[in-house]
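The first residue in the sequence is number 1, and the count goes up from there. If you're wondering where the values come from, they're calculated on a predicted model, not measured in any experiment. Counting convention: from 1, in listed order, for ligands and their atoms alike.
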Amino acid sequence: MKKICVVGSFNIDIIATVNAFPRTSETVRCNSFDLFVGGGKGANQAVALGRLGADVMMVGRLGDRFYGPEYINVLKRNNVNCDTVDVIENSYPGSAFVAVNAEGDNILFIHAGTNAMLDIGYIDANWDKISERDVFLFQLEIPLETNLYAIEKLKKLGKTIILDPAPAMNLPIEIYRFIDFITPNEVELAQISGQRITGSDDLLPAARILLDRGVGTVVAKVGKNGSYVFDRHGARFAPPTIVKAIDPTAAGDTFNAAFAFALASGKDAEQCAHFANVVAAISTLAIGAQNAMPTMQQVEEFMQRPKQSRKTQSSRQPALSALGSHENE
Ligand code: RIB
């Protein structure tokens with residue numbers, strides 16, 4: 001199996017559940033509150049990969065305040081190589097404030113903290129270790145110039161580049177030709193393509209714009225509706241895995257990780273999307289970004305269960321208890 005590297009962010013996640021999101025100036029009571037040493041799109045992807053059994057290394061920066069150093073232990077417990085993670089003194093790590101409503105939808109606010117210090121100098125200082133890897137995952141929670149620098153340099157070495165364009169932002173046009181796989185959700189695809197997306201018919205024209213800019217493959221994540229693979233050969237649909245989601249936080253990160261895992265194991269893009277749909281669905285079965293990310297054994301057990309029993313309330317409980325050993329104390 002190819003060696004994977006995640007270049008990206010850490011966050012300490014504070015997650016509250018509410019009946020409904022507040023309106024402006026409204027105060028609402030939370031039903032629950034959790035603080036997780038486990039969050040940030042980069043580290044979420046690394047942890048999901050570690051749980052699946054990948055050979056994965058994280059490149060990122062933490063602060064020594066607010067649980068930053070504890071995050072190193074979380075990575076280690078989840079089989080993530082931390083040789084290229086450091087802890088910066090007198091600094092706050094990234095943090096995220098998340099609310100989940102009764103429908104299982106979420107809203108997020110993030111503060112960059114030491115994720116903003118993952119600069120080009122840090123990439124260069126760790127280049128020997130980074131360039132030993134084969135498949136790379138990037139997201140957009142570290143400085144854009146660092147992503148652009150690392151992506152171009154790695155692509156010129158023939159590495160495989162996967163970009164999750166989240167949180168969405170406009171990207172310089174020159175970057176697209178260095179990207180093998182881009183994995184937007186519908187909102188992100190609309191923003192980076194400049195197209196309006198109101199339904200699945202709008203995905204292909206938007207994806208074509210990215211393909212014309214030089215991207216190898218567009219993988220559109222449409223959440224509970226599955227995912228689509230668009231490349232020069234056309235479009236393929238990977239149907240959703242139906243579950244009763246409790247918290248979708250980091251389902252997209254889990255999708256990316258599972259996609260990369262399957263890719264590093266030699267699968268084609270459509271097979272990767274099918275596998276990623278399953279793993280991402282499982283990750284929605286508990287509150288928290290990393291809480292319900294499954295191991296490979298848990299994925300296999302889930303797939304053996306009759307489809308009907310995966311989505312009903314009564315059968316969700318055994319699935320949750322099977323996943324119960326992943327709390328990031
Ligand atoms: O994708 C989910 C993640 O986004 C959360 O863990 C939060 O930290 C934000 O980065």
task = Out of Asn11, Ile15, Asn44, Val98, indicate the one that has the non-hydrogen atom closest to atom 3 (C) of ligand 1.
result = Asn44

ask   = Are a donor atom and an acceptor atom from the side chains of Tyr92 and Asp64 found within less than 3.5 Å of each other?
value = no

Plane angle bin for Tyr71 and Phe10 - parallel if under 30°, tilted between 30 and 60°, otherwise perpendicular = perpendicular

request  = Run the contact test for Gly252 against ligand 1 with a 4.0 Å cut-off on heavy atoms, strictly below, and give the result.
outcome  = no

query = Which atoms of ligand 1 have any heavy atom of Ala96 under 4.0 Å away?
reply = 7 (C), 8 (O)

request  = To the nearest 0.5 angstrom, please state how far the CG atom of Asn19 sits from the CZ atom of Arg29.
outcome  = 11.0 Å

request  = Looking only at protein heavy atoms, identify the closest one to atom 10 (O) of ligand 1 and say how far it is in Å.
outcome  = Glu141 OE2, 2.7 Å

ask   = Do Phe181 and Phe259 have their ring centres less than 6.0 Å from each other?
value = yes

inquiry  = Let's go through Leu211 and Thr217 carefully: what are the C-alpha distance in whole Å and the side-chain angles of both, what is the deciding distance for side chain to side chain contact (heavy atoms under 4.5 Å, CB included) to 0.1 Å, and is it a yes or a no?
reply    = CA-CA 7 Å; Leu211 296 174; Thr217 302; 5.7 Å; no

remark   = ligand 1 atoms nearer than 4.0 angstrom to some heavy atom of Ala289 are 6 (O)

ask   = Got the closest protein heavy atom to atom 8 (O) of ligand 1, with its distance?
value = Asp13 OD1, 2.6 Å

query = Ring centres of Tyr228 and Phe237 under 6.0 Å apart?
reply = yes

ask   = Taking the minimum heavy-atom distance to atom 1 (O) of ligand 1, which of Asp253, Thr254, Asn115 ranks first?
value = Asp253

task = State whether the shortest distance between N or O atoms of Lys41 and N or O atoms of ligand 1 falls below 3.5 angstrom.
result = yes

